[in-house]
J.: 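Mind having a look at this structure? Questions to follow.
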Amino acid sequence: MRFSRAYIPTTKESPKDAQLPSHIYLARGGFVAQVAAGLYNFLPLGKRVLRKIETIINEEMAACDAQEVDLSFVTPAELWQESGRIEKFGKELLRFRDRKENLFVLGPTHEEMMVSIVRNRVNSYKQLPLNLYQIKTKFRDEARPRFGLMRGREFVMKDGYSFHASTDDLDREFEAMEAAYKRILERLGLEFRIVEADSGAIGGTGSKELMVLAQSGEDTLAVCDTCEYGANVEAARRAQRSVIPEAPQADFARFKTPDVKSIEELSHFFHIDPYYTLKAVVKRAVYTQGSELVCFFIRGCDELQEVKARNSVGAIDLVDASEAELREIGLVAGFVGPLDQDNIRMVMDNDTRNASSMICGANEADYHFVGVDLSVMGEVVFADLVTVQEGDGCPHCGGKILHTKGIEVGHIFKLGTVYSAPLKAEFLDENGRSQPFIMGTYGMGVSRLVAAVIEQHHDDKGCIWTHATAPYLVNVMISNIKEESHVAYAEELYGTLQKKGIETILDDRKERFGFKMSDAELIGFPFTVIVGKELANGQAQILIRKTKEILTVDKDAVVSTLQGLMG
RNA sequence: CGGGGCGUAGCUCAGUAUGGUUAGAGUACUUGGUUUGGGACCAAGGGGCCGGAGGUUCGAGUCCUCUCGCCCCGACCA
């Protein structure tokens, strides 16, 4: 490609709404342009990067015998009614009617459609397993799109679905997909972590997220400093506490604690470690039908993890409860405890099982119980409710847990029969019995990966594309196009590189040196060959974008040097 | 969806408290010239329904009402 003929609208200034490096540099470098909230046009350079990522995904999927399909983007709402997700998805699902007044939705994900193309066509275990995927634009009417390509409303996603006759076979495929996803991210040149995760509203097990590590990531990860363990904080576990603070000495008693409400005040009042206090967090749990107040009890030194709490009661949402709501059921905010009351549904954190020497609210204003032994409680529901904190022990090796940020670029999990059962997608097993397909699902955010590469690989000048993602690997820059000998050499080099199959752009624009250099750095070509002054000595220079290193090499050695650098 | 902010040239923004020449700057663009290793300089140009609709007024970018859009914080997010 000749730069003089390319459409690469770079700008010196960044759009005012851009915050993240990926957003700023992709916009400034002329890769994408915003159309409306959460909607972006991909310009030539952006499209090339997108296609490169898609190609790598396609290659790795082919290696696993997964087959690419292309499902219609507009899907009949009926399918969504059948699966029951039309309500669950809510306003994120864009719906509209056609001229005949039939209701349709724009696909935000394609479980329903994928199941529908397989059901009634695959009807024997002999036709299984099957792994189908597509790379396609999705639409989710996000309440608040942000961060450029990171969280758009329209985005490109690879979504794959596998169908199996047994859970063993699903397990095998799941591992193969995890390995394939790992290879994809490695080939893209990304630093990432595969972490345990919550399956979300959709349900399922074995949920794993692929996280590209970057400070700007929207997800917090708990990772072990010693072993491979990593998890989204929404799902992270921890080892039993190894160091337990010294227990306070006290017999069971009701104690006057005027205006002592918070855990901090309580531990200060009694001069004890918050470990021995019981924190009560009351939330209104919202279910598909109805809602109720629930009190979650955790140790005072812990924080409630809302996703875990929500899962523990099967709620679709938790909202803060007001003091008035508490009063209505006879509880006093700041003094809620599990003893002597059955006003509210209670869930206790696993770490409070049989806890003793505890201090908890007495369900009466200005009173707490001390010396409480929780093992005296009758039937109690326990669950893991707490947020794993930095410094906690790794559940696998006992190493130390650290927090880090990640960008979710992939999510794989085992669906089982969550969709196939309600949609009645069944096959006959070896015994002639009808069974719903056992399914797995494998998603990867393709357009988000474009942004993730830049979040992880940029500097104050612009993008630094990895070799696998660069729109062009080599930029041959002519410092001054008025120098005929320079132009002649650059043209020849450009031709040679192209013949060798190396994606090259020739910067033959009538611009000054500095302007072209800034563009080269902003766009982020891995290598820029500077054809200029040095040619008088029979030399050219190679700028390595990543290290900013400039190699001066003999003009006849440029191609071989580049090939060496590309490895 | 709650709270806040902003819509003026392709882009980044002045101008709006107090209505009044022909609506500005920087940058980008065009032409000519000088330059030619880090977004250079000089000169001359083109480019605007001041988001939209209605109103007040002799007169509205500026005041009032209503709308639409975009951004930020939060809630939400397979």
Side-chain angles (χ1 to χ4, degrees), chain A residues 9-20 23-24 27-28 30 33-39 80 83 85 88-93 107-112 114 138-148 150-153 155 157-161 197-204 207-209 218-219 232 234 286 306-307 310 316-320 408 410-415 418-419 439-445 448 461-462 477-483 486 509-522 528 530-536 540-541 543 548 550 552:
Chain A
T10 58
T11 59
K12 206 190 295 191
E13 278 179 293
S14 51
K16 61 174 176 187
D17 45 315
Q19 317 272 318
L20 294 190
H23 192 181
I24 292 169
R28 283 190 51 205
Q34 181 168 5
V35 189
L39 305 181
W80 287 76
S83 70
R85 278 212 297 182
K88 217 169 194 171
F89 237 94
K91 284 196 172 174
E92 265 186 46
L93 190 62
T109 169
H110 285 195
E111 281 81 3
E112 285 85 354
M114 203 62 91
K138 305 283 188 277
F139 191 90
R140 290 184 194 176
D141 202 355
E142 292 272 356
R144 182 144 102 89
R146 59 188 123 175
F147 303 141
M150 206 70 96
R151 179 174 290 283
R153 290 191 294 171
F155 56 98
M157 181 167 86
K158 176 264 172 184
D159 53 327
Y161 308 87
D198 180 62
S199 316
I202 216 171
S207 180
K208 287 189 179 176
E209 289 170 336
E218 292 188 80
D219 289 279
N232 193 308
E234 293 176 355
V286 181
E306 286 222 14
V307 173
R310 197 199 308 155
I316 54 172
D317 195 18
L318 292 183
V319 292
D320 289 343
E408 181 191 344
H411 194 176
I412 59 177
F413 55 100
K414 299 173 184 177
L415 283 174
V418 173
Y419 286 93
M439 295 175 58
T441 179
Y442 319 97
M444 188 167 258
R448 182 179 279 184
K461 301 252 196 235
M477 191 194 94
I478 307 169
S479 302
N480 181 357
I481 61 161
K482 287 188 179 163
E483 295 284 347
H486 296 188
R509 292 176 299 171
K510 188 186 166 206
E511 296 288 352
R512 292 167 64 88
F513 178 82
F515 186 91
K516 291 188 184 185
M517 280 296 278
S518 297
D519 262 3
E521 284 161 336
L522 172 62
T528 292
I530 303 166
V531 179
K533 279 181 176 173
E534 307 293 330
L535 203 61
Q541 290 167 307
L543 166 70
K548 292 185 181 168
I550 294 182
T552 302

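The structure presented is a predicted model; accordingly, all values stated were derived computationally and were not measured. Chain letters run A, B, ... following the sequence lines, proteins first and then strands; every chain starts at 1.
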J.: Reading RNA chain B from 5' onward, which residue's closest nucleotide shows up sooner: Ala36(A) or Ser14(A)?
T.: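 Comparing both residues, the 5'-ward one is Ser14(A).
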
J.: May I have the distance from Phe513(A) (atom CZ) to rG37(B) (atom C1'), rounded to whole angstrom?
T.: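 The distance from CZ of Phe513(A) to C1' of rG37(B) comes to 4 Å, rounded to the nearest Å.
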
J.: When rounded to the nearest Å, what value does the distance between P atoms of rG19(B) and rC58(B) take?
T.: 15 Å

J.: With sugar-phosphate meaning primed atoms plus P, OP1 and OP2, does Glu218(A) contact a base, only sugar-phosphate, or nothing at under 4.0 Å between heavy atoms?
T.: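 If one applies the 4.0 Å heavy-atom cut-off, Glu218(A) turns out to touch nothing in the nucleic acid.
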
J.: What integer number of Å spans the P atoms of rC63(B) and rG7(B)?
T.: 12 Å

J.: Determine the Euclidean distance between corresponding P atoms of rG24(B) and rC70(B); express it in Å to zero decimal places.
T.: 31 Å

J.: Calculate the interatomic distance between Asp198(A) atom CG and rC77(B) atom C1'; express it in whole Å.
T.: 12 Å

J.: Quickly work out the Ile530(A) CD1 to rU36(B) C1' distance and round it to whole Å.
T.: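 My rounded result for the distance is 15 Å.
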
J.: Would you measure the distance from the P atom in rC41(B) across to the matching atom in rG46(B) and give it in whole Å?
T.: 22 Å

J.: Heavy atoms under 4.0 Å, any strand shown: does Pro9(A) hit a base, just sugar-phosphate, or nothing?
T.: nothing

J.: Choosing from rC77(B), rU35(B), rC70(B), which nucleotide comes nearest the side chain of Arg512(A)?
T.: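 Selected nucleotide: rU35(B).
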
J.: Please classify the nucleic acid contact of Asp519(A) as base, sugar-phosphate, or nothing, using heavy-atom distances under 4.0 Å.
T.: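 Counting heavy atoms under 4.0 Å across all strands, the contact made by Asp519(A) includes a base.
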
J.: Which atom pairs link the protein and nucleotides 42-45 of chain B when you take only N or O atoms and keep those under 3.5 Å?
T.:
none

J.: Could you measure between the two P atoms, the one in rA60(B) and the one in rC42(B), and give it in whole Å?
T.: 39 Å

J.: Considering only rC77(B), rU12(B), rG37(B), which nucleotide approaches the side chain of Glu142(A) most closely?
T.: rC77(B)

J.: When you measure from the side chain of Lys482(A), which nucleotide among rU36(B), rC72(B), rC1(B) comes out closest?
T.: rU36(B)

J.: Quick one: salt bridge (charged side-chain N to carboxylate O under 4.0 Å, His left out) partners of Lys208(A), sequence neighbours excluded?
T.: Glu178(A)

J.: Measure the CG-CD1 distance between Leu535(A) and Ile530(A) for me, rounded to the nearest 0.5 Å.
T.: 12.5 Å

J.: With nearest nucleotides of RNA chain B determined for Lys533(A) and Gly410(A) from heavy-atom distances, which residue corresponds to the more 5′ nucleotide?
T.: Lys533(A)

J.: Of all residues at least two apart in sequence or in a different chain, which pass the salt bridge (charged side-chain N to carboxylate O under 4.0 Å, His left out) check with Arg146(A)?
T.: none

J.: Restricting to nitrogen or oxygen on both sides, can you table the protein-nucleotides 26-30 of chain B pairs closer than 3.5 Å?
T.:
residue, atom, partner, partner atom, Å
rG26(B), N2, Glu13(A), OE1, 3.2

J.: Measure the shortest side-chain to side-chain distance between Phe147(A) and Glu218(A) over non-hydrogen atoms and say whether it is less than 4.5 angstrom.
T.: yes

J.: Got Met517(A) and Leu543(A) here, is their nearest side-chain heavy-atom distance under 4.5 Å?
T.: yes

J.: Rounding to a whole Å, what distance do you find between Glu234(A):CD and rC76(B):C1'?
T.: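 In whole Å, rC76(B) C1' and Glu234(A) CD are 12 Å from each other.
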
J.: Any side-chain N or O of Gln541(A) below 4.0 angstrom from OP1/OP2 of rG37(B)?
T.: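 For Gln541(A), the contact criterion (side-chain N or O under 4.0 Å from OP1 or OP2 of rG37(B)) is not met.
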
J.: Could you state the CD-C1' distance from Glu521(A) to rG38(B), rounded to the nearest angstrom?
T.: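 Spelled out: CD on Glu521(A) to C1' on rG38(B) is 8 Å.
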
J.: For nucleotides rG61(B) and rG55(B), find the distance between their P atoms and express it as a whole number of Å.
T.: 15 Å

J.: With rounding to the nearest 0.5 Å, note down the distance linking OG1 in Thr552(A) to CD in Gln541(A).
T.: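 Going from OG1 on Thr552(A) over to CD on Gln541(A), the span is 4.0 Å.
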
J.: With a 4.5 Å cut-off on side-chain heavy atoms, are Asp141(A) and Lys91(A) touching?
T.: no

J.: Are any of the side-chain heavy atoms of Asp519(A) and Arg509(A) separated by less than 4.5 Å?
T.: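 SC-SC contact between Asp519(A) and Arg509(A) confirmed.
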
J.: Atom CZ of Arg153(A) and atom CG of Leu39(A): how far apart are they, to the nearest 0.5 Å?
T.: 5.0 Å

J.: Separation of Leu318(A) atom CG from rC77(B) atom P, in whole Å?
T.: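 Leu318(A) atom CG is separated from rC77(B) atom P by 11 Å.
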
J.: Between rC1(B), rU35(B), rG38(B), spot the one nearest the side chain of Lys461(A), thanks.
T.: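 It is rG38(B).
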
J.: Taking the C1' atom in each of rG5(B) and rA9(B), what is the distance between them to the nearest angstrom?
T.: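 These two C1' atoms come out 23 Å apart once rounded.
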
J.: How many Å lie between CE on Met150(A) and P on rC72(B), as a whole number?
T.: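 To the nearest whole Å, that distance equals 13 Å.
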
J.: Name the orientation of the base relative to the sugar in rA40(B): syn if the glycosidic angle is within 90° of 0, else anti.
T.: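 Base orientation relative to the sugar is anti.
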
J.: Any side-chain heavy atom of Arg448(A) sitting closer than 4.5 Å to one from Met150(A)?
T.: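 Yes, their side chains come closer than 4.5 Å.
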
J.: Any idea which of rG38(B), rC77(B), rC71(B) is nearest the Gln34(A) side chain?
T.: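 Nearest nucleotide to the side chain: rC71(B).
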
J.: Across the strands shown, which category fits Gln19(A) at heavy-atom distances under 4.0 angstrom: base, sugar-phosphate, nothing?
T.: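 Answer is sugar-phosphate: Gln19(A) comes under 4.0 Å of backbone atoms only.
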
J.: Have a look at Glu534(A) and say if it touches a base, only the backbone sugar-phosphate, or nothing, with a 4.0 Å heavy-atom cut-off.
T.: base

J.: Just N and O in the side chain of Arg144(A): are any of them under 4.0 Å from OP1 or OP2 of rC76(B)?
T.: no

J.: Of the nucleotides rU36(B), rU12(B), rG38(B), which has the atom closest to the Asn480(A) side chain?
T.: rU36(B)

J.: Can you figure out which of rC70(B), rC13(B), rU35(B) approaches the side chain of Lys16(A) most closely?
T.: rC13(B)

J.: Which heavy-atom pair separates His411(A) from Ala197(A) by the least distance, and what is that distance?
T.: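 Looks like NE2-CB, 4.3 Å.
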
J.: Distance check, rounded to the nearest 0.5 Å: Met439(A) atom CE versus Tyr442(A) atom OH?
T.: 9.0 Å

J.: How far, in whole Å, is rU12(B) from rG4(B) if one measures between their C1' atoms?
T.: 23 Å

J.: Please identify each residue that fulfils ring-ring contact (aromatic ring centres under 6.0 Å, His included) with Phe513(A), with sequence neighbours left out.
T.: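 Not a single residue meets the ring-ring contact (aromatic ring centres under 6.0 Å, His included) criterion with Phe513(A).
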
J.: Looking across every strand, which nucleic acid part, if any, lies under 4.0 Å from Ala37(A) by heavy atom: base, sugar-phosphate, or nothing?
T.: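 Touches sugar-phosphate only.
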
J.: Within this structure, what is the CD-CD1 distance for the pair Glu209(A) and Ile412(A), rounded to the nearest 0.5 Å?
T.: 10.5 Å

J.: Side chains of Trp80(A) and Pro108(A), heavy atoms from C-beta outward: is any pair under 4.5 Å?
T.: yes

J.: Round to the nearest Å and state the distance from Asp17(A) atom CG to rG7(B) atom P.
T.: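 Going from CG in Asp17(A) over to P in rG7(B) covers 14 Å.
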
J.: Can you run through RNA chain B from 5' to 3' and write each base as (, ), [, ], | or . depending on how it pairs? Watson-Crick or G-U wobble, both distances under 3.5 Å.
T.: (((((((..((((......[...)))).((((((.....)))))).....(((((..]....))))))))))))....

